[in-house]
There are 2 protein chains.
Amino acid sequence: MSTDPVWPEEIFTDLDRSGPVPLYFQISSRLERAIREGVIPAGARLENEISIGERLGLSRPTVRRAIQELVNKGLLVRRRGIGTQVVQARVSRPVELTSLHEDLTRAGHRPSTRVLSLERIAADEHEAQRLQVEPGTEITRLRRLRSTDGTPMAVLENLLPPEFTDITAETLEAHGLYELLRKRGVTIKIANQVIGARRTHGDEHELLDIPKGSPLLTMDRVAFDHGGRVIEAGHHCYRPDLYSFETTLVSR
Amino acid sequence: MSTDPVWPEEIFTDLDRSGPVPLYFQISSRLERAIREGVIPAGARLENEISIGERLGLSRPTVRRAIQELVNKGLLVRRRGIGTQVVQARVSRPVELTSLHEDLTRAGHRPSTRVLSLERIAADEHEAQRLQVEPGTEITRLRRLRSTDGTPMAVLENLLPPEFTDITAETLEAHGLYELLRKRGVTIKIANQVIGARRTHGDEHELLDIPKGSPLLTMDRVAFDHGGRVIEAGHHCYRPDLYSFETTLVSR
DNA sequence: GAGTGGTCTAGACCACTGA
DNA sequence: CAGTGGTCTAGACCACTCG
């Protein structure tokens with residue numbers, strides 16, 4: 001009890017018990033902001049779960065769940081018999097279920113997209129397998145060039161199942177694929193990703209303005225809805241000098 | 001209630017209420033095995049949480065926690081008002097807080113390691129910053145070649161802080177770095193990773209038996225203990241035809 | 001021994017879904 | 001409407017760490 005594991009009271013004013021936002025989420029998001037802004041410094045110890053609950057008028061499981069969220073994000077470390085501490089390590093944004101377009105916008109950049117091709121085709125064997133449809137099914141094949149602040153950054157190739165054959169190039173140049181899918185009520189529940197590297201093929205070096213045969217960082221993704229249906233299958237390649245994948249791993 | 005969301009009773013026999021293994025973990029791990037082995041098929045619906053609890057003599061929060069584990073792993077999908085279903089999509093192993101050596105062993109391969117160099121040096125500015133020590137501190141610099149079934153696969157460069165200056169090349173050729181650290185009671189709590197790509201430098205193409213200037217998949221990692229101290233900083237490069245990073249992402 | 005997080009119980013009310 | 005998961009409460013006992 002020599003150290004004072006407290007924080008400014010005002011972090012947790014105005015908890016809304018009637019609205020739709022869960023209490024544990026209100027707690028964890030405010031706590032996260034306070035940590036990221038340095039209001040609660042790295043290495044600081046939190047109060048124990050029970051007294052936090054008493055101060056806020058919450059039960060221990062609710063407080064505990066809020067803290068668990070930040071433990072999972074790698075912002076806090078809990079140790080039995082010791083307490084809860086703010087992590088010293090700089091935390092990077094995890095690989096999330098978001099699109100490149102959204103990642104860039106959030107990072108303060110202004111992404112732009114050029115649709116290189118947008119075709120409705122009959123799926124060949126390989127494409128049909130990726131989308132889990134019958135070969136010959138009419139699907140959408142899409143190829144885009146994504147730039148950031150005017151610099152070409154990635155070539156995005158995507159396959160879409162039959163239900164999305166009405167997407168137009170104009171909307172794609174303005175809005176990012178995932179944003180369009182969400183607007184149609186399509187929810188991505190799970191995605192499998194494989195990250196790798198290879199040389200440029202075909203016209204990729206011209207599109208990305210790099211030497212022919214240069215290394216590319218690649219990401220292959222298949223996204224599923226709640227029923228296990230494939231929503232989208234993508235093969236993306238990035239200029240490795242402009243893009244990389246960051247993750248924070250937390251031991252369980 | 002038309003579908004019968006049940007499973008073989010024998011999955012959950014022999015729950016151990018006195019041992020050190022939490023009940024929720026016993027449930028989730030057995031359930032995971034049953035799903036991975038196909039005993040519970042993809043798309044099957046689970047019973048609701050309350051009746052599972054009654055059948056097993058457990059409270060709802062305990063059952064719920066077990067299910068949540070598998071939702072987080074991407075094996076189950078829960079929807080309010082609907083129920084819980086086994087995911088249809090094939091699930092890949094997530095990027096975990098494990099070493100390459102352990103990943104390979106678990107995948108049934110026989111990794112071998114050649115220690116290329118193992119030096120105790122005074123940290124230059126850049127190395128000191130990565131390990132978060134003072135420049136000039138005596139650290140360990142380590143360079144290894146990791147092969148699988150005889151084929152060279154990755155060049156692993158690591159920096160270790162002063163407390164590990166007594167590690168020998170012999171133990172490193174047999175045991176993998178993380179295994180050695182764990183044996184000394186060192187626990188890695190958090191790691192930041194950046195995955196990227198670049199050309200080969202220096203002698204890397206010779207070591208990996210690929211053309212000079214070929215693409216490499218790279219991973220930079222800094223691992224921390226519970227107190228935020230750096231345990232290890234690594235720069236690894238992999239032959240992209242032999243290695244890639246797989247992840248399953250689950251929407252929150 | 002005092003204090004911490006880890007686990008577990010037995011209820012409760014609500015929001016959402018489908019028939 | 002009944003059934004589902006999402007949230008929340010108010011306790012309890014335990015294992016672990018430290019002084």
Side-chain angles (χ1 to χ4, degrees), chain A residues 1-6 15-29 44-72 76-86 185 187 189 225-227 250-252, chain B residues 1-6 15-29 44-72 76-86 185 187 189 225-227 250-252:
Chain A
M1 273 305 133
S2 54
T3 59
D4 269 41
V6 295
L15 290 182
D16 176 13
R17 301 186 80 97
S18 59
V21 182
L23 285 169
Y24 77 86
F25 188 82
Q26 296 182 47
I27 306 292
S28 70
S29 55
R45 242 187 70 209
L46 260 55
E47 282 181 78
N48 71 66
E49 299 169 341
I50 296 181
S51 62
I52 292 177
E54 282 170 357
R55 287 227 272 152
L56 303 180
L58 297 170
S59 70
R60 185 183 168 203
T62 302
V63 174
R64 197 175 159 71
R65 175 152 185 195
I67 291 177
Q68 186 62 47
E69 296 273 316
L70 301 189
V71 170
N72 291 339
L76 295 176
V77 177
R78 272 198 291 219
R79 278 182 297 161
R80 171 155 35 181
I82 308 279
T84 305
Q85 272 187 313
V86 177
T187 319
K189 274 284 182 183
D225 70 3
H226 54 72
V250 181
S251 82
R252 293 150 302 172
Chain B
M1 274 300 135
S2 55
T3 58
D4 270 40
V6 295
L15 290 182
D16 176 12
R17 301 188 80 95
S18 60
V21 182
L23 286 169
Y24 78 86
F25 188 82
Q26 296 183 46
I27 306 290
S28 71
S29 55
R45 240 188 71 210
L46 260 54
E47 281 180 78
N48 70 68
E49 299 168 342
I50 296 181
S51 62
I52 291 176
E54 283 171 357
R55 287 227 271 153
L56 304 180
L58 298 170
S59 70
R60 185 184 167 201
T62 302
V63 173
R64 197 174 159 73
R65 176 153 184 193
I67 291 176
Q68 187 61 46
E69 295 273 317
L70 301 189
V71 171
N72 292 339
L76 296 176
V77 176
R78 272 200 290 219
R79 277 181 297 161
R80 171 154 39 178
I82 309 278
T84 306
Q85 273 187 312
V86 178
T187 318
K189 274 282 184 183
D225 71 3
H226 54 72
V250 181
S251 82
R252 294 151 301 173

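Given the structure is predicted, the values throughout are model-derived calculations rather than measurements. Each chain gets a letter, A, B and so on, in the order the sequences are listed, and its residues count up from 1.
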Self-check item: Separation between OG1 of A:Thr84 and CD of A:Gln68, rounded to the nearest 0.5 Å
Solution: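 So the gap between those two atoms works out to 10.0 Å.
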Practice problem: Compare the minimum distances between each of D:dT9, C:dC8, D:dG6 and the side chain of B:Leu23, then state the nucleotide with the smallest one. | Solution: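 My answer, after comparing the listed nucleotides, is C:dC8.
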Practice problem: Identify which nucleotide among C:dT4, D:dC18, C:dT9 has an atom closest to any side-chain atom of A:Arg45, counting heavy atoms from C-beta outward. | Solution: C:dT4
Mind checking [X] for me? I need base, sugar-phosphate or nothing, with any heavy atom below 4.0 Å counting as a touch.
| X | value |
| --- | --- |
| B:Pro22 | sugar-phosphate |
| A:Arg64 | base |
| B:Arg60 | base |
| B:Leu58 | sugar-phosphate |

[X] has an atom [atom1]; how far is it from atom [atom2] of [N], in whole Å?
| X | N | atom1 | atom2 | result |
| --- | --- | --- | --- | --- |
| A:Glu49 | D:dC8 | CD | P | 16 Å |
| B:Gln26 | C:dG6 | CD | P | 18 Å |
| A:Ile50 | C:dT7 | CD1 | C1' | 13 Å |
| B:Glu54 | D:dG3 | CD | C1' | 14 Å |
| B:Gln85 | D:dT4 | CD | C1' | 13 Å |
| B:Ile82 | D:dT4 | CD1 | C1' | 8 Å |
| A:Glu69 | D:dG6 | CD | C1' | 13 Å |
| A:Ile27 | D:dT7 | CD1 | C1' | 14 Å |

Under 4.0 Å between a side-chain N/O of [X] and OP1 or OP2 of [N], yes or no?
| X | N | answer |
| --- | --- | --- |
| B:Arg17 | C:dT9 | yes |
| B:Asn48 | D:dG3 | no |
| B:Tyr24 | C:dC8 | no |
| B:Thr84 | D:dT4 | no |
| A:Thr62 | D:dT9 | yes |

Self-check item: B:Glu49 (side chain) donor-acceptor with B:Val63 (main chain) under 3.5 angstrom
Solution: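 Side chain of B:Glu49 to backbone of B:Val63, a donor-acceptor pair under 3.5 Å: no, none is there.
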Quiz item: Is the backbone of A:Phe25 close enough, under 3.5 Å, to the side chain of A:Glu69 for a donor and an acceptor to pair up by distance?
Solution: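 No, A:Glu69 side chain to A:Phe25 backbone: no donor-acceptor pair under 3.5 Å.
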Quiz item: Which atoms form the tightest heavy-atom contact between A:Leu58 and A:Arg17, and what is the distance?
Solution: CD2-NH1, 3.6 Å
Self-check item: Closest non-hydrogen atom pair between B:Ile82 and B:Arg45, with its separation
Solution: O-NE, 4.1 Å
Self-check item: 5' precedence on DNA chain C between A:Arg78 and A:Gly81 (nearest-nucleotide basis)
Solution: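 Going by which nucleotide is closer to the 5' end, it is A:Gly81.
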